[in-house]
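The next block holds one structure in the form of structure tokens; read it before the comments.
First the proteins, then the strands, lettered A, B, ... as listed; each starts at 1.
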Number of protein chains: 2
Amino acid sequence: MTVDRDQVLRTAAALLTRKATATMDEVARASGIGRATLHRHFAGRDALVRALEELGIREFEAALDAARTDEGSASDAVRRLIAEIEPAAGLLAFLVTENQLFEGEMNEGWDRLDSRVSAVFQRGQRQGEFRIDLSPAWLTDAFYGLVSSGFWAVHDGRVATKDFQYMIAELLLGGARRSVEQ
Amino acid sequence: MTVDRDQVLRTAAALLTRKATATMDEVARASGIGRATLHRHFAGRDALVRALEELGIREFEAALDAARTDEGSASDAVRRLIAEIEPAAGLLAFLVTENQLFEGEMNEGWDRLDSRVSAVFQRGQRQGEFRIDLSPAWLTDAFYGLVSSGFWAVHDGRVATKDFQYMIAELLLGGARRSVEQ
DNA sequence: CCCGAACGAGACACTGATGTCTCATCCGAT
DNA sequence: ATCGGATGAGACATCAGTGTCTCGTTCGGG
């Protein structure tokens, strides 16, 4: 009988990713619970979004762990990261835009994640694998942007699901890697 | 005494780009006009957003014209396009997220713009300048995503304004161009 | 200079979403 | 079987935003 809080969060994430303006009532109905119950678990809309943020951070952190970004070449690390992040791409896209709009008060967990992503690009630069004229901060932003774009491209049918990882990885790595022009 | 409708639109664009949930009252005050006057020019919030959309389409189209995307190498065409789009990057970022959220009912003008951007990438592929395993549709989406990411990166101080064009162009073209790995 | 159109300020009703509350019901543990 | 905690449904007040209106003022063209 007890509501599965995490399941509610995942349903809310799926809904809010597609429709950021969904009401609490819509979120509740999508999760198959009453609005009152939703309020019992999340004090309000802000609390829900904050919980969503924590879920996103948890999943992103898990993806970083699973991708073992310290091992092998930086390119392969980026490829593994893209693969691991794919299931959470929608949530990430939602949170990225959410964070862009509300200046200031953002969860500190993002800093840690930014650092870990940035570290991969730094490592690639240090080891001579990536070009050094594109800053790790920019490559990190670009990574978020491309994952979001990739999610929407797949969501709207402009890119096949099976191509998600390849398209992002090739574009990002093609731009980041040192290479000799043809 | 008469309100400069286009100036109001530009102010609204600047505000809504930073805070998408700004109220009509905030938009009016930002433009230095009364809320009633704002309503006299734009029937409602929807009308305002639609007018903003048309402004964005006009500016984007003007950027495409100014970039002369048919001339020279496709790479240079992309570079010129990025340079021309820079002043409207914020508005574009706003409209891109706006369009992603509201499925369906989107201004048909976007199709024409998408086609023109996509055509540049197609030309690059046809002329052997760009790799063919990344679809023009994806490169177009990635272009929007990178311009948006670039805008926010500059806006939040993670990338210097002067690097905006270079960072986007190098990443996008590095990923799109055919090249021999080091 | 004067008249009219456009404006700003504010009042007003209306709507949609929110947050809180009650109460009947249901399910699980004991 | 029973008891208690959790739930769903719905009522309710509240609030923010919207759209409309009026009225006094201001500016600019004739």
First locate atom CG of B:D133, then atom CG of A:D163, and finally report the distance between them rounded to the nearest 0.5 Å.
10.0 Å
Rounding to a whole Å, what distance do you find between B:H41:NE2 and C:dA6:P?
9 Å
Give a yes/no on whether any side-chain N or O of B:T37 is located under 4.0 angstrom from OP1 or OP2 of C:dC7.
no
Tell me the interatomic distance from A:R5, atom CZ, to D:dT7, atom P, rounded to whole angstroms.
12 Å
Is it the case that the base of C:dG8 and the side chain of B:R29 share a donor-acceptor contact (distance under 3.5 Å, atom types as modelled)?
no
Salt bridge (charged side-chain N to carboxylate O under 4.0 Å, His left out) against B:E59, all qualifying residues, sequence neighbours excluded
B:R10
Figure out the CG/P separation between A:D4 and D:dA6, and round it to whole Å.
15 Å
To the nearest Å, how far apart are A:F42 CZ and D:dT7 P?
11 Å
Nearest atoms (heavy-atom pairs only) where A:V27 meets A:A12
CG1-CB, 3.7 Å
Please state how far atom CG in A:L38 lies from atom C1' in D:dG10, giving the value in whole angstrom units.
16 Å
Minimum heavy-atom distance between A:A142 and B:L171, given as atom pair plus value:
CB-CD2, 3.2 Å
Salt bridge check, A:K19 against A:E26: does any charged N sit closer than 4.0 Å to a carboxylate O?
yes
Sequence neighbours left out, what passes ring pair (Phe, Tyr, Trp, His ring centres under 6.0 Å) with B:F143? Give chain and number order.
none
Please enumerate all residues that pass side chain to side chain donor-acceptor pair (under 3.5 Å) together with B:R58, with sequence neighbours excluded.
B:D6
Non-neighbouring partners of A:D25 that pass side chain to side chain contact (heavy atoms under 4.5 Å, CB included), sequence neighbours left out
A:T23, A:R29, A:R35
Under a 4.0 Å heavy-atom criterion, the protein footprint on nucleotides 13-20 of chain C, written with B, S and -, is ----SBBB
Got a sec? Which of residues 8-16 of chain B come in under 4.0 Å of DNA chain C, heavy atoms?
none
